[in-house]
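For ligands, and for the atoms within them, numbers begin at 1 and follow the listed sequence. When reading the values below, keep in mind they use all heavy atoms of this one structure, side chains included, and skip hydrogens, waters and symmetry mates. Along the sequence shown, the residues carry numbers beginning at 1. The shown structure was predicted, so the numbers you read here are calculated from the model rather than taken from an experiment.
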Amino acid sequence: MARKKIALIGAGQIGGTLALLAGQKELGDIVLFDIPAAEGTAKGKALDIAQLSPVEGFDARYSGSSDYKDIEGADVVIVTAGVPRKPGMTRDDLVGINAKVIDSVGKGIKQHAPNAFVIVITNPLDAMVGLMQEVTGFAPEKVVGMAGVLDSARFRLFLAEEFNVSVEDVTAFVLGGHGDTMVPLLRYSTVGGISLHDLVDMGWTTKERLEAIVQRTRDGGAEIVAHLKTGSAFYAPAASAIAMAESYLRDKKRVIPCAAKLNGEYGVKGLYIGVPVVIGSKGVERIVEVEFNAEEKAMFDKSVAAVQSLIDATNKIVGR
Ligand code: LMR
């Protein structure tokens with residue numbers, strides 16, 4: 001089987017972690033790309049991880065570059081380019097800088113990696129992935145945003161801690177935009193197959209404690225920003241994007257919440273927002289439409305409205 005190629009656009013904290021995880025999973029050969037001013041960082045991290053591979057015992061070739069020609073023919077491109085937020089900022093505050101970055105990166109990907117499955121991590125996520133799809137002109141199923149996996153992982157962790165059980169036995173997902181209006185769905189979450197509603201009845205927790213976990217999930221990114229002070233989370237975002245890349249490259253058909261372009265599903269058309277999807281070798285192979293009750297629908301609609309206003313802001317910035 002031909003070796004796969006993975007291009008990582010942005011050699012910052014997430015880019016370096018992505019490079020390490022992609023190698024450890026032997027997903028393919030890795031090109032770590034950054035702008036000329038950061039080419040040394042890309043090359044240095046690539047070489048450092050390549051030198052780690054004999055110790056860890058995995059087979060992946062690494063290179064660092066600031067020349068888009070080097071991403072030629074990439075099977076997967078993961079985009080982290082742009083700036084992270086700092087304490088006191090929302091993800092939306094990044095739109096002014098990051099929209100221009102995504103506009104430019106999208107043109108490079110369109111020219112040099114026209115067949116790639118593109119995963120966007122840059123914030124504000126839903127607007128940036130929408131912009132990426134417009135700039136590249138790629139089919140919507142080949143351009144996705146990483147957010148739901150990350151938000152759901154946080155939700156699962158907090159629930160596992162609440163019940164003092166393994167994270168492996170907690171199923172939970174978060175829909176909607178990757179911002180303050182995200183929608184963690186308590187009703188679709190289970191612990192060992194038992195609904196949270198039943199666990200409240202069994203006295204394992206209370207509705208109030210679950211509401212606090214929902215809010216902590218919504219604030220999950222900001223909690224880490226407040227600790228780090230110099231930037232935002234990188235380990236969990238990188239692992240989340242790698243899960244999506246792996247499902248695509250290995251045709252695993254995992255059901256993963258991520259930002260996908262809706263075409264009438266959930267009553268929304270032409271906008272990227274977090275929903276569960278099946279990711280396989282064709283990209284987004286299916287959008288899973290779960291049923292909402294009135295309260296969930298109202299939360300989801302609010303999230304759609306928030307994403308729409310960010311898209312409007314993005315379009316003004318890049319003159320679309
Ligand atoms: C996250 O959720 O960790 C990322 O979106 C980064 C951020 O700014 O919170």
Contacting atoms of ligand 1, where contact means under 4.0 angstrom from a heavy atom of [X]:
X: His178; answer: 1 (C), 2 (O), 4 (C), 5 (O)
X: Gly221; answer: 1 (C), 2 (O), 3 (O), 9 (O)
X: Ser232; answer: 6 (C), 7 (C), 8 (O)
X: Arg85; answer: 7 (C), 8 (O), 9 (O)
X: Ala233; answer: 3 (O)
X: Arg91; answer: 1 (C), 2 (O), 4 (C), 5 (O), 7 (C), 8 (O), 9 (O)

(message) When you compare the side chains of His178 and Arg91, does any donor N or O come within less than 3.5 Å of an acceptor on the partner?
(response)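 Arg91 and His178 do have a side-chain donor-acceptor pair below 3.5 Å.
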
(message) Does the residue Leu150 have a heavy-atom contact with ligand 1, meaning some pair of atoms that are separated by less than 4.0 Å?
(response)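 Per 4.0 Å heavy-atom rule, Leu150 contacts ligand 1.
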
(message) If we ignore hydrogens and angles and just use 3.5 Å, is the side chain of Glu134 paired with the main-chain N or O of Gly130 as donor and acceptor?
(response)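 No: the side chain of Glu134 does not pair with the backbone of Gly130.
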
(request) Under 4.5 Å between side-chain heavy atoms, chaining through other members, with only Ile, Leu, Val, Met, Phe, Trp and Tyr counted: pull out the rest of the cluster around Val55, sorted by chain and number. (result)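 ILVMFWY cluster around Val55 holds nothing else.
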
(message) Do Leu186 and Phe292 sit in one hydrophobic cluster, given that two such residues count as connected whenever their side-chain heavy atoms are within less than 4.5 Å of each other, even indirectly?
(response)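 Looking at the clustering, Phe292 is in a separate group from Leu186.
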
(message) Membership question, hydrophobic clusters at under 4.5 Å side-chain separation (ILVMFWY): are Met132 and Ile71 in the same one?
(response)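 They do share one cluster, since a chain of ILVMFWY contacts under 4.5 Å joins Ile71 to Met132.
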
(message) Check this for me - ligand 1, Asp151, N or O atoms closer than 3.5 angstrom, yes or no?
(response)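 N/O-N/O distance under 3.5 Å: no.
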
(message) Taking 4.0 Å as the limit for heavy-atom contacts, which would you say applies to Asn123 with ligand 1: side chain only, backbone only, both, or neither?
(response)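 It is the side chain that touches ligand 1; the backbone stays farther off.
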
(request) With heavy atoms only and a cut-off of under 4.0 Å, state how Arg154 meets ligand 1: side chain, backbone, both or neither. (result)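 Only the side chain of Arg154 comes within reach of ligand 1.
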
(message) Between Phe117 and Phe138 (judged by ring centroids, cut-off 6.0 Å), do the two rings come close enough to count as a pair?
(response)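 That pair fails the under 6.0 Å test.
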
(message) Once side chain to side chain contact (heavy atoms under 4.5 Å, CB included) is applied, do any residues pair with Val277, and if so which ones, sequence neighbours excluded?
(response)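 Partners of Val277 by the side chain to side chain contact (heavy atoms under 4.5 Å, CB included) criterion, ordered by chain and then number, come out as Cys258, Ala260, Val275, Ile279, Val284, Ile287.
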
